[in-house]
4 protein chains.
Amino acid sequence: MSQSVNRVILVGNLGRDPELAARREGDGKIANIAVATSESWNDRNTGERREKTQWHRVVCFNDHLSSVIERRCQKGTLVYVEGHLETRKWTDQQGQDRYTTEVIIDRFDGNIKVLGNGRNTGEGRFDDDRPSRSAAPRSAANTPGGSDLDDEIPF
Amino acid sequence: MSQSVNRVILVGNLGRDPELAARREGDGKIANIAVATSESWNDRNTGERREKTQWHRVVCFNDHLSSVIERRCQKGTLVYVEGHLETRKWTDQQGQDRYTTEVIIDRFDGNIKVLGNGRNTGEGRFDDDRPSRSAAPRSAANTPGGSDLDDEIPF
Amino acid sequence: MSQSVNRVILVGNLGRDPELAARREGDGKIANIAVATSESWNDRNTGERREKTQWHRVVCFNDHLSSVIERRCQKGTLVYVEGHLETRKWTDQQGQDRYTTEVIIDRFDGNIKVLGNGRNTGEGRFDDDRPSRSAAPRSAANTPGGSDLDDEIPF
Amino acid sequence: MSQSVNRVILVGNLGRDPELAARREGDGKIANIAVATSESWNDRNTGERREKTQWHRVVCFNDHLSSVIERRCQKGTLVYVEGHLETRKWTDQQGQDRYTTEVIIDRFDGNIKVLGNGRNTGEGRFDDDRPSRSAAPRSAANTPGGSDLDDEIPF
DNA sequence: TTTT
DNA sequence: TTTT
């Protein structure tokens with residue numbers, strides 16, 4: 001179990017179209033996206049509005065989800081991403097150790113969501129792309145004879 | 001410090017317009033919103049598409065933020081909410097104990113975000129509503145002479 | 001995809017031993033735990049230390065994980081829980097509609113972690129309980145010839 | 001508001017004692033900690049147990065919280081950290097651009113918690129260190145005449 | 001009921 | 001470097 005947690009949640013816009021990486025043998029497609037988050041504040045001294053953008057390297061190792069990213073996302077798309085941090089080591093041309101930190105999208109179901117923009121305007125549901133391999137959520141309220149909460153706001 | 005964590009993150013749509021509650025003395029405005037989240041899956045047995053909606057009572061005790069909710073949110077608005085769970089006890093008309101669980105929006109800055117729909121279409125930034133009381137984010141990259149990451153994707 | 005997110009993170013202590021519910025046909029064991037979170041603050045007016053505890057109904061529908069909860073958790077155990085909110089409707093003895101909100105533990109791997117106390121003191125790893133059905137994490141750094149970050153501190 | 005979210009949650013152990021950085025003028029103390037998270041799995045091919053550790057640079061820019069980290073944390077301490085990602089640019093000795101990604105602890109209250117080990121065994125509460133500047137949580141259940149949930153289990 |  |  002490892003007594004540890006490594007969790008990242010991002011909501012932001014793609015800075016460019018997704019890059020579909022070369023397929024590694026047996027592993028399927030890999031998608032790389034650049035996600036921007038920004039915060040703004042009023043400068044204490046000048047009173048001016050300031051803004052700061054962070055760019056995040058987000059990587060998807062799942063073949064099917066990468067295809068969906070390819071189809072549904074483009075420069076400007078607003079996405080929700082849930083993943084974990086990984087820092088990988090590489091060697092630059094001068095032979096020096098370099099480290100790059102990425103957000104790895106964790107699991108298939110629900111860890112990336114298209115929230116707006118891009119190609120997702122009214123063309124049907126994302127889930128339509130998925131084969132029926134997705135299991136039913138496991139909980140009481142999904143059982144037959146269960147809640148009719150779906151039909152009305154219960155409060 | 002209490003060695004505990006109580007954290008909720010929701011992205012969903014408002015099921016109705018916000019309700020601005022009566023002002024409690026000295027506490028400012030309170031906003032109540034009904035947020036829907038849903039998940040869908042293919043039924044194992046029938047193969048049919050099924051969907052399940054959850055409704056969340058979300059409460060904001062901050063006066064200023066409640067005003068913003070009032071202005072910026074309406075039925076259908078997609079919001080991001082970050083808060084914590086509270087269950088409060090009350091007594092019904094039969095004199096019985098009842099419990100209601102709500103998501104309390106945690107702090108002012110950034111714990112509710114309008115992601116789409118509603119009144120937020122191109123009318124300027126949410127932050128324009130805020131007085132300059134918001135402090136500058138505290139971190140290295142915000143210092144003078146700092147990063148020019150804002151101008152370009154660095155990867 | 002549903003354009004929505006419903007996510008709860010708790011770190012808190014069990015208020016009593018886990019309750020293993022009756023097995024529903026075909027669904028395996030269900031575990032119910034009561035998790036307390038608390039926050040404390042200094043009262044603005046009196047200056048006294050005040051504390052507030054929240055109790056959370058946490059439910060696990062996974063058979064194997066429920067067994068682990070049964071073995072590893074007891075009254076007082078500190079746990080990390082990651083799940084989502086569900087409110088289910090039921091009818092009380094007076095025939096009135098009632099609603100109960102629970103935190104449903106999301107998926108098997110890593111969504112409950114024993115952080116301390118209870119029976120988890122030095123009795124071996126939680127993972128030893130698991131059969132080898134757990135898949136390898138999918139990411140670059142796990143590939144053969146990959147990173148040797150594990151062996152040394154990169155900063 | 002910026003329509004974006006940048007959020008990191010870590011639970012892990014300190015790999016070394018905290019490093020208290022030089023004070024920047026007017027900004028107070030800065031604490032740097034190295035937090036390890038790890039995951040383990042059974043190798044698909046060999047069946048062997050494998051483990052992978054990630055190291056996270058975590059930075060605290062808050063003076064008071066940095067003092068607490070200094071006192072309460074040491075090599076081996078298990079901590080909960082909530083923050084956001086920042087990547088800062090710097091120039092190495094060869095004059096090349098380099099980027100380092102860090103987790104910045106977000107705000108004062110509750111964004112770092114000592115969960116175990118280290119110096120936190122029975123020496124009194126963390127909160128005792130804090131002056132009474134912490135405001136009361138704002139919510140219904142904290143009001144006078146409010147809930148007595150604290151005293152009894154509601155389920 | 002828990003815990004600090 | 002940590003921890004299980």
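In what follows, chains carry the letters A, B, and so on, assigned in the order in which the sequence lines appear, proteins first and then strands, with residues in each chain numbered from 1. A quick note: this is a predicted structure, and the numbers were derived from the prediction, not measured.
Distance CG (B:Asn6) to C1' (E:dT4): 16 Å, rounded to an integer number of Å. Atom CZ in C:Arg16 sits about 11 Å away from atom P in E:dT1, given to the nearest Å. Rounded to an integer number of Å, the gap from OH of C:Tyr80 to P of E:dT2 is 25 Å. Rounding to whole angstrom units, CG of residue C:Asn32 and P of E:dT1 are separated by 19 Å. What separates CG of D:Leu10 from P of F:dT3 is a distance of 17 Å, to the nearest Å. For D:Leu115 and E:dT3, the CG to P distance is 15 Å, given to the nearest whole Å. Remark: P of E:dT1 and CG of C:Leu78 are 20 Å apart, rounded to the nearest angstrom. The interatomic distance linking D:Ile69 (CD1) with F:dT2 (P) rounds to 20 Å, in whole Å.
Residues D:Trp90 and D:Thr100 have side chains that bring a donor and an acceptor to within less than 3.5 angstrom of each other. Between the side chains of C:Arg50 and C:Asn42, no donor N or O sits under 3.5 Å from an acceptor N or O.
Of the candidates F:dT1, F:dT3, E:dT1, F:dT3 carries the atom nearest the D:Asn13 side chain, counting heavy atoms from C-beta on. Here E:dT3 is the nucleotide among F:dT1, E:dT3, E:dT1 with the atom lying nearest to any side-chain atom of B:Gln3. The side chain of D:Ser38 approaches F:dT3 more closely than any other nucleotide in the set F:dT3, F:dT1, E:dT2. Side-chain proximity of D:Glu51 to the nucleotides F:dT3, E:dT1, E:dT2 is greatest for F:dT3.
Put simply, the side chain of C:Thr53 and the base of E:dT2 share a donor and an acceptor less than 3.5 Å apart. One cannot find a donor-acceptor pair under 3.5 Å joining the base of E:dT2 and the side-chain atoms of B:Ser4.
Atom CG of residue C:Asn32 and atom CD of residue C:Glu102 lie 6.5 Å apart, to the nearest 0.5 angstrom. Distance CD/D:Gln54 to CG/A:Leu85: 7.5 Å, rounded to 0.5 Å. Atom CG in D:Asp43 sits 12.5 Å away from atom OG in D:Ser40 (nearest 0.5 Å).
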